Amino acid sequence: MSTATTADGKRYRRSPLRQALTSTWGARLTSYVAFAIVWQLLAWYVDRVPGPWETLDFIWREVSGGSHGGVRPGEFWEHFSATLVRFSIGLMIGFVLGTVVGIALGSSAFMRALLSDMLLVFLALPAIIWAFLTTMWFGLGWEAPVYTVILSAAPFVAVNVAQGVRSVSPDLHRMSQAYGVPRNRQIRGLLLPAVTGYLFTGLRFAVIISWNAVLLAEWFGAVDGVGWRARLWYDAARYRGFVGWAIIFIAFIFLLDGLVLSPLQRRAFRWRESAASGDEGLGGFDAEELASIGS
Amino acid sequence: MGWAAFVGLWAFSSSFILDEFTLPGPVKVWRAIWEILKSGAFFNDFGASISKTFIGFGIAALVGVPIGFLMGRTRYWKAFFHDGVVGAGSVPGIVYAIMALVIFGIGFQGPVVAVGLISMPFIALNVAEGLEGVDNDLLRMSTAYGRTERQTLRHILIPSMLPFVFAGVRLSFAIAWKVEALTEVFGSSNGVGFQIRFAFQGFSITRVLAWTLMFIAFLLVIERALAILERRLFRWRTWEQAA
């Protein structure tokens, strides 16, 4: 659309610069520049806020292992891997637990009546409560983060799996029974395709929630890891360290979601026409999904 | 029956699987709740937390509605705000909580700003979605009949926007409430989060559970109430959707 028409019908060419600036990419770029400027201004006016350059410089030194502030080089990867290990173990257990509960919830009305109120409470429990309780139960160490992740992830997986099980068409189920389709083929042909998409949705929610949870639990109840490290800088009143770590964990979850989880979820749902909502949405999320993730 | 099962399982695990210290039973926690209610701390701290949440929502609406309006009406602003709004909505709560503490100290503003930042995206995205759904024929007709911008705004755009603003508030309430408490956990001198932190530091599992239960009960009641209110207020929309 390099030409446009004015009100009186004359055609004119827009300058390429103007075109570039008003394109979608131009607008996005402008918004990032505006964000950086606002951040810099905030840093100038509030002493305690570190500026963007300072923070980037910190991240570079922390990651590359250059010694700064009397800290051993190379500590970054120790902490990052400690957190990743806790996060993955907790997530795996939480995922299995949530799936089992979800299948029970989805397939039996009795279990639904028994467990759904309990699930409501668990969904509403903020991760910080689990972080506090597990810290009081297990003390400082690896247990608090792992259990916090399990307990925060499982309910979200359970809700989604239950929804998936209930989305299996009862007509198809009855038909397959009437025609005597063997059980393992029923599971493979009917149950699994229906549940897979929901399973991935649940996994995605669980990952985002657990990432927040593991950081909180490490902040209060661990002696190493990403959350602990961020707290170290915070306690030392070196706020650029805290902001630097905040950027690192935000970047991590955005990359994980954008490169792995969101494509997986789309793939798992691709057989459903209706799920392919035209506008590819907001980083894959709509407002309702964001809301159900909570914090 | 669900609630009975919940309390039963809780009582069972507290007295047979674990012990009273690790997981205090329902009776003990109920006594702690009763004491908190009697001492008046409940009203003080819930009042403080609720007012912070509401002011935060007010700010979120003041900022979010215009942003959503621009996003819903023009392609340029949609592209401009898109990443920022979605990003702000998916940042982990702990980051907001601590940033608020670093910038504002342990005052009143920290939780308010955290609530504002976390709920603004929901309002903006909902308003944008609502405006994109406005019937373009209606807009063209009102231009054709020479209605002023103001009249269009008053009679078409705002009425179609309101339900979405409300839905944004309802959707984000749970998150806002949790982030508000989290911010108070990190730095505050009153509020539910502050009390939970206080109980944690006093190593009182009973009091942590007592405050948590009240926190959750409040959340569930408000969510239910908002859903009912929404159905009442926007009942006129149902025939429109059905048509």
Side-chain angles (χ1 to χ4, degrees), chain A residues 22-28 30-32 34-35 42 46 48-49 112-121 123-129 132-133 135-137 208 211-212 215-216 219-220 227 230-231 234 239 242-243 246 249-250 253-254 257 282-283 285-288 290-295, chain B residues 1-3 5-6 9 22-23 75-87 89-96 98-99 101-103 118 121-122 125-126 129 167-168 170-175 177-179 181-182 185 193 196-197 199-200 203 205 208-209 212-213 215-216 219-220 223:
Chain A
T22 51
S23 71
T24 313
W25 281 103
R28 282 180 117 169
T30 320
S31 75
Y32 286 113
F35 175 72
L42 195 68
V46 186
R48 281 166 300 196
V49 176
R112 215 161 26 245
L114 198 67
L115 294 179
S116 57
D117 291 332
M118 225 178 290
L119 195 63
L120 205 61
V121 170
L123 283 171
L125 263 175
I128 183 73
I129 301 297
F132 278 175
L133 288 177
T135 304
M136 289 194 278
W137 286 335
I208 293 173
W211 187 239
N212 183 39
L215 298 173
L216 273 174
W219 184 280
F220 287 105
R231 176 171 193 172
Y234 172 78
Y239 297 126
F242 171 72
V243 176
F249 39 82
I250 295 171
I253 197 68
F254 270 50
D257 185 54
L282 305 145
F285 280 119
D286 58 22
E288 219 144 316
L290 274 177
S292 47
I293 292 174
S295 286
Chain B
M1 177 177 121
W3 294 113
F6 176 56
L9 188 69
T22 317
L23 184 67
R75 213 165 42 91
Y76 177 79
W77 289 112
K78 187 174 177 185
F80 184 88
F81 283 121
H82 178 275
D83 290 3
V85 164
V86 173
S90 39
V91 165
I94 179 176
V95 174
Y96 282 131
I98 297 167
M99 283 311 295
L101 180 62
V102 167
I103 298 177
I118 203 102
F122 296 95
L125 290 179
N126 265 298
E129 195 187 325
R170 181 176 56 79
L171 285 175
S172 57
F173 179 78
I175 293 184
W177 184 236
K178 286 182 190 175
V179 166
L182 188 65
V185 164
I196 291 174
R197 172 72 185 259
F200 169 69
F203 218 90
I205 296 176
V208 169
L209 287 178
T212 305
L213 279 186
F215 174 88
I216 293 175
L219 174 63
L220 296 179
E223 278 199 327

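Just so it is clear, the structure is predicted and the values come from calculations on it, not from any experiment. Here is the naming used below: chain letters follow the sequence lines, and residue numbers restart at 1 for every chain.
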Expected output: side-chain Asn126(B) to main-chain Phe122(B) donor-acceptor under 3.5 Å:
yes
Considering only heavy atoms and a distance below 4.5 Å, find which of Tyr32(A), Tyr234(A), Phe242(A), Phe254(A) pairs most often with chain B.
Phe242(A)
Counting only non-hydrogen atoms closer than 4.5 Å, does Val121(A) touch chain B with its backbone (N, CA, C, O), its side chain (CB onward), both, or neither?
both
At a 4.5 Å cut-off on heavy atoms, which part of Leu133(A) comes close to chain B: side chain, backbone, both, or neither?
side chain
Begin with the C-alpha distance, continue with both residues' side-chain angles, and end with the deciding distance and a verdict on side-chain contact (heavy atoms from CB on, under 4.5 Å) for Ile205(B) and Trp137(A).
CA-CA 9 Å; Ile205(B) 296 176; Trp137(A) 286 335; 3.7 Å; yes
Under 4.5 Å, counting heavy-atom pairs only, tell me which of Val208(B), Val95(B), Leu209(B) racks up the most with chain A.
Val95(B)
Interchain contact, Phe173(B) with chain A, by part (heavy-atom threshold 4.5 Å)
neither
With a 3.5 Å distance limit and no angle check, can you tell me whether Trp211(A) reaches the backbone of Phe249(A) through a side-chain donor-acceptor pair?
yes
Segment of Leu101(B) engaging chain A (4.5 angstrom heavy-atom cut-off):
side chain
Can you say whether Ala230(A) sits under 4.5 Å from chain B via the side chain, the backbone, both, or neither, judging by heavy atoms?
neither
Is the shortest heavy-atom distance from the side chain of Pro126(A) to the side chain of Trp177(B) under 4.5 Å?
no
Name the region of Trp25(A), side chain, backbone, both or neither, that has any atom closer than 4.5 Å to a heavy atom of chain B.
neither
Do Phe200(B) and Met136(A) come close enough that some side-chain heavy atom pair is under 4.5 Å?
yes
Given heavy-atom pairs under 4.5 angstrom as the criterion, report whether the side chain, backbone, both or neither of Thr30(A) touches chain B.
both
Less than 4.5 Å to any heavy atom of chain B: does that hold for the side chain of Phe35(A), its backbone, both, or neither?
neither
Kindly say whether Ala79(B) contributes a backbone atom to a donor-acceptor pair with the side chain of Arg28(A) at under 3.5 angstrom?
no
Look at Ala113(A), Gly26(A), Ala34(A), Gly227(A) and state which one has the largest set of heavy-atom pairs under 4.5 Å with chain B.
Ala113(A)
Would you mind reporting whether Phe132(A) and Arg197(B) have side-chain heavy atoms less than 4.5 Å apart?
yes
Engaged part of Leu219(B) at the chain A interface, taking heavy atoms whose separation is under 4.5 Å
side chain
Would you call the rings of Phe80(B) and Trp77(B) parallel, tilted or perpendicular, taking 30° and 60° as the class edges?
perpendicular
Under a 4.5 Å cut-off applied to non-hydrogen side-chain atoms, are Ile128(A) and Lys178(B) in contact?
no
Chain B: which of Leu120(A), Leu215(A), Ile253(A), Leu216(A) shares the most heavy-atom pairs with it under 4.5 Å?
Leu216(A)
Which bit of Ile129(A) comes within less than 4.5 Å of chain B, counting heavy atoms only: side chain, backbone, both or neither?
side chain
